[in-house]
Trainee: 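Before we start, here is the structure in question, set down as structure tokens.
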Protein chains: 2
Amino acid sequence: MQWFRDRCAEAGLPCTHQRQVLYRALLEAKDHPGPEMLYERVKRDIPSVSLGTVYRNIKTFLDNGLIGEVSLHHGPLRLEANNTPHHHLVCRVCRKMFDLPAEQVESIHLREALPKGFHLERFVVEAHGLCAGCAAPKRTGRTH
Amino acid sequence: MQWFRDRCAEAGLPCTHQRQVLYRALLEAKDHPGPEMLYERVKRDIPSVSLGTVYRNIKTFLDNGLIGEVSLHHGPLRLEANNTPHHHLVCRVCRKMFDLPAEQVESIHLREALPKGFHLERFVVEAHGLCAGCAAPKRTGRTH
DNA sequence: TGACGGATGAGAATAATTCTCATCTAATAG
DNA sequence: CTATTAGATGAGAATTATTCTCATCCGTCA
């Protein structure tokens with residue numbers, strides 16, 4: 001929590017009660033919760049909190065790197081007909097995706113066993129980075 | 001396309017004009033489009049098509065394994081405060097997620113260079129499969 | 001061709017997220 | 001410690017994404 005307050009100060013973000021409770025809720029969560037879930041948890045401490053505040057602060061935290069999103073793929077469904085084994089290159093900024101044939105990636109090895117009870121089916125690999133357009137200097141905005 | 005018609009027959013799905021045009025649109029797409037995008041493309045051939053039909057058939061295709069979704073993470077945002085390098089175990093059925101420390105996975109190697117212009121930042125690995133609850137026999141439903 | 005079960009189009013309903021604005025509060029200066 | 005003020009908050013409307021309902025239509029099989 002002290003780390004959180006320091007980062008808020010650095011970023012020039014007022015360290016409000018709502019923000020602290022929200023951040024703590026996420027710190028203590030082990031289940032990768034979504035906004036609705038966090039809203040429920042924050043409400044236990046601040047019954048008057050609004051869902052809008054939760055969304056607003058989640059976005060603020062993400063923009064400042066205080067928290068992370070589990071995947072770049074939330075939001076609208078994205079589809080493909082390609083049924084050959086393959087992975088993806090994903091642009092962190094514009095979220096364009098390109099196929100990466102499975103043979104191009106050496107197979108994944110674990111150093112320790114997975115937690116007991118989980119039945120592994122396959123490994124999915126994503127190469128995250130910047131696509132040609134977004135990596136080009138001088139241009140900041142996302143393409144979509 | 002013949003493959004598509006055969007699979008429809010196997011699955012007992014009427015092979016309607018809308019379905020064929022939708023499937024072809026996705027076959028030809030290289031950009032991992034979403035429903036809205038596919039709707040636009042199908043409309044070029046069938047101006048009267050409805051968005052509901054596009055959504056309905058996308059779901060039908062997914063349920064029958066005719067097409068794939070790019071990631072298990074579309075839908076509501078999922079968050080985490082854990083800022084140590086780590087990957088995730090993801091249950092294909094209930095979509096619960098568990099952390100997998102980065103050290104537990106041997107580093108990724110490519111057999112060929114990535115397409116020129118893509119600036120790689122990191123590899124994200126996801127272990128997809130069934131969690132203990134969903135792998136248990138006799139129970140089919142997802143937990144959420 | 002005829003019958004019928006499932007598919008379609010239109011639009012309402014629901015879920016997920018963002019926005020607007022009047023009011024309030026954390027941070028800073030006095 | 002109080003005043004100031006930029007930015008945060010709560011309420012609820014607006015927007016976007018997706019699913020559902022139902023009357024009508026069409027692909028499949030006999």
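Below, read A as the first sequence line, B as the second, and so on, with proteins coming before strands; counting in each chain starts at 1.
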Trainee: Could you identify which residues cluster with V70(A), counting Ile, Leu, Val, Met, Phe, Trp and Tyr as linked when any side-chain heavy atoms lie under 4.5 Å apart, either directly or through a chain of such contacts?
Mentor: L72(B), V90(B), M97(B)
Trainee: For the pair made of CZ in F61(A) and P in dG7(D), what is the distance, rounded to whole Å?
Mentor: 17 Å
Trainee: Can you name the residues that form a ring pair (Phe, Tyr, Trp, His ring centres under 6.0 Å) with F118(B), not counting sequence neighbours?
Mentor: none
Trainee: Would you mind listing every side chain to side chain donor-acceptor pair (under 3.5 Å) that reaches into residues 101-111 of chain A, with sequence neighbours excluded?
Mentor: none
Trainee: Kindly give the heavy-atom pair with the smallest separation between F123(B) and V125(A), and that separation in Å.
Mentor: CD2-CG1, 3.7 Å
Trainee: What is the distance, rounded to the nearest whole Å, between atom CG of D63(B) and atom P of dT18(D)?
Mentor: 15 Å
Trainee: Measure all distances between protein nitrogen or oxygen atoms and nitrogen or oxygen atoms of nucleotides 27-30 of chain D, and list the pairs falling under 3.5 Å.
Mentor:
from, atom 1, to, atom 2, distance (Å)
dT28(D), OP1, C15(B), N, 3.3

Trainee: Supply the atom-to-atom distance L13(A) CG to L66(A) CG, rounded to the nearest 0.5 angstrom.
Mentor: 7.0 Å
Trainee: Can you pull the contact range of chain A along DNA chain C, 5' to 3', using atoms under 4.0 angstrom from its heavy atoms?
Mentor: dA16(C) to dA27(C)
Trainee: Can you pull out how bent the helix from dT1(C)-dA30(D) to dG30(C)-dC1(D) is, comparing the axes over its first five and last five pairs, to 10°?
Mentor: 40°
Trainee: For residues E126(A) and H87(A), is any side-chain donor paired with an opposing acceptor at under 3.5 Å?
Mentor: no
Trainee: Not counting sequence neighbours, which residues clear side chain to side chain contact (heavy atoms under 4.5 Å, CB included) with N82(B)? List them please.
Mentor: T84(B), H86(B), D99(B)
Trainee: Using the side chain to side chain contact (heavy atoms under 4.5 Å, CB included) criterion, which residues pair with V21(A)? Sequence neighbours excluded.
Mentor: H17(A), R24(A), V42(A), D45(A), I46(A)
Trainee: Taking the basic N atoms (NZ, or NE/NH1/NH2) and the acidic carboxylate oxygens, is any pair closer than 4.0 Å for R41(A) and D31(A)?
Mentor: yes
Trainee: With distance as the sole criterion, is a donor-acceptor pair present between the side chains of E69(B) and H32(B) under 3.5 Å?
Mentor: no
Trainee: Between Y39(B) (OH) and dT18(D) (C1'), how many Å, whole number?
Mentor: 14 Å
Trainee: Which pairs pass side chain to side chain donor-acceptor pair (under 3.5 Å) with one or both residues in residues 57-66 of chain A, sequence neighbours excluded?
Mentor: R19(A)-N57(A)
Trainee: According to salt bridge (Lys or Arg N to Asp or Glu O under 4.0 Å), who are the partners of E36(B), at least two apart in sequence or on a separate chain?
Mentor: none
Trainee: Give, ordered by number, those residues of residues 46-60 of chain A having at least one heavy-atom distance below 4.0 Å to an atom of DNA chain C; if nothing qualifies, reply none.
Mentor: L51(A), Y55(A), K59(A)
Trainee: Just jot down the salt bridge (Lys or Arg N to Asp or Glu O under 4.0 Å) partners of E112(A), sequence neighbours excluded, or say none.
Mentor: none
